[in-house]
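Reading through the structure tokens given below for one structure.
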Amino acid sequence: MQRLVSELYIRDNCHPFKATVLVWIQLPMWIFMSVALRNFSTGATHSEAGFSVQEQLATGGVLWFPDLTALDSTWILPICIGAINLIIVEIVALQKVGMSRFQTGVTYFVRGISVLMIPIAATVPSSLVLYWLCSSFMGLSQNLLLRSPRFRQFCRIPLTKGDSDTPYKDLFAAFYAKYISRK
């Protein structure tokens, strides 16, 4: 059996470790960037040029958060992070049919983490929350873009049996069936 599995890995070029490489790079990078932004925002770093990064962040905000070193008192950014992360989780969950108990448990756990991110994001500087929001938005964009048959064809990503010609309609129909037309 192991020989057969090894042959499949070689034939299809799909070793399971390849799926974890992104996590081993992306998660530490996200953590290091978050810690660095927190340190910049709190003034824990020192600059030799005479002006600090904290001073620049304090005057570099936009819209309702002009000071990136302060908390977002309106909670707009934290709620947006929670909403975008929940949307990503739901997109992935709606794609799966007949999930195992483990997959269902992981989905509920990630939903909980997404909701828990809201109060956590409300207690850190806006620069950090803005980074998290941009990161989540890029994840959502990537998730939606990689469903597009035109984009996949343009990038020469091969289609699989489960791919649809109308992925966005299918996604909306699954969302509607699961959450809106529950009778």
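Within the model, atoms OH of Y108 and CD1 of I113 stand 16.0 Å from one another, a figure rounded to the nearest 0.5 Å. Here the CD1-CZ distance, from I88 to R111, works out to 13.5 Å after rounding to the nearest 0.5 Å. Going from atom CZ of R150 over to atom CG of D165 covers 11.0 Å, rounded to the nearest 0.5 Å. With values rounded to the nearest 0.5 angstrom, M29 atom CE is found 11.5 Å from S34 atom OG. Taken to the nearest 0.5 Å, the CE atom of M1 stands 6.0 Å off from the CG atom of L4.
Under the 4.5 Å side-chain contact rule for hydrophobic residues, I25 and M138 do not share a cluster. With hydrophobic clusters built from ILVMFWY side chains whose heavy atoms lie under 4.5 angstrom apart, F32 does not share a cluster with V129. F102 and V92 are members of different hydrophobic clusters when ILVMFWY side chains are connected at heavy-atom separations under 4.5 Å. Hydrophobic clustering of Ile, Leu, Val, Met, Phe, Trp and Tyr side chains at less than 4.5 Å, counting indirect connections, unites F137 with L128. Each of L140 and I118 belongs to its own hydrophobic cluster when Ile, Leu, Val, Met, Phe, Trp and Tyr are linked at side-chain heavy-atom distances under 4.5 angstrom.
Applying the side chain to side chain donor-acceptor pair (under 3.5 Å) test to E7 and every residue at least two apart in sequence or in another chain returns R3. Legend: residues meeting salt bridge (charged side-chain N to carboxylate O under 4.0 Å, His left out) with R147, ordered by chain and number and at least two apart, are absent. With sequence neighbours excluded, no residue satisfies side chain to side chain donor-acceptor pair (under 3.5 Å) with S114.
In this structure a side-chain-to-backbone donor-acceptor pair under 3.5 Å is present from R152 to P158. Judged by distance alone, the side chain of S100 and the main-chain N or O of Q103 form a donor-acceptor pair under 3.5 Å. S136 places no side-chain N or O within 3.5 Å of a backbone atom of L133 that could act as its donor or acceptor partner.
The shortest side-chain heavy-atom distance between L144 and I91 falls under the 4.5 Å cut-off. With contacts defined as side-chain heavy-atom distances shorter than 4.5 Å, the pair N143/I87 does not qualify.
The other members of the hydrophobic cluster of L146, by chain and number, are L145, F151, I157 (side-chain heavy atoms under 4.5 Å, ILVMFWY only). Annotation for V115: hydrophobic cluster partners, listed by chain and number, are L86 (ILVMFWY side-chain heavy atoms under 4.5 Å, direct or chained).
Here the closest non-hydrogen pair linking W132 and A121 is CZ3-CA, 4.0 Å. Pairing each heavy atom of T123 with each of P119, the nearest pair is CG2-O, 3.3 Å. Contact record, A93 with T107: CB-CG2, 4.0 Å, taken as the closest heavy-atom pair.
By the 6.0 Å contact criterion, CD on Q153 is open, its count of non-hydrogen atoms from other residues, nucleotides or ligands being 12 or less. For Y168, the OH atom is densely surrounded, since the number of other residues' heavy atoms within 6.0 Å is greater than 12.
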CA sep, side-chain torsions, deciding dist, call: Y131, M33, side chain to side chain contact (heavy atoms under 4.5 Å, CB included): CA-CA 9 Å; Y131 167 66; M33 287 293 293; 3.5 Å; yes
Show me, pair by pair, the donor-acceptor contacts under 3.5 angstrom made by side chains of residues 71-79, not counting sequence neighbours?
unit_1	atom_1	unit_2	atom_2	d
D72	OD1	W64	NE1	3.3
D72	OD1	T74	N	3.2
D72	OD1	T74	OG1	2.6
D72	OD2	W64	NE1	3.3
D72	OD2	I76	N	3.3
D72	OD2	L77	N	2.9
T74	OG1	W64	NE1	3.3
T74	OG1	I76	N	3.4

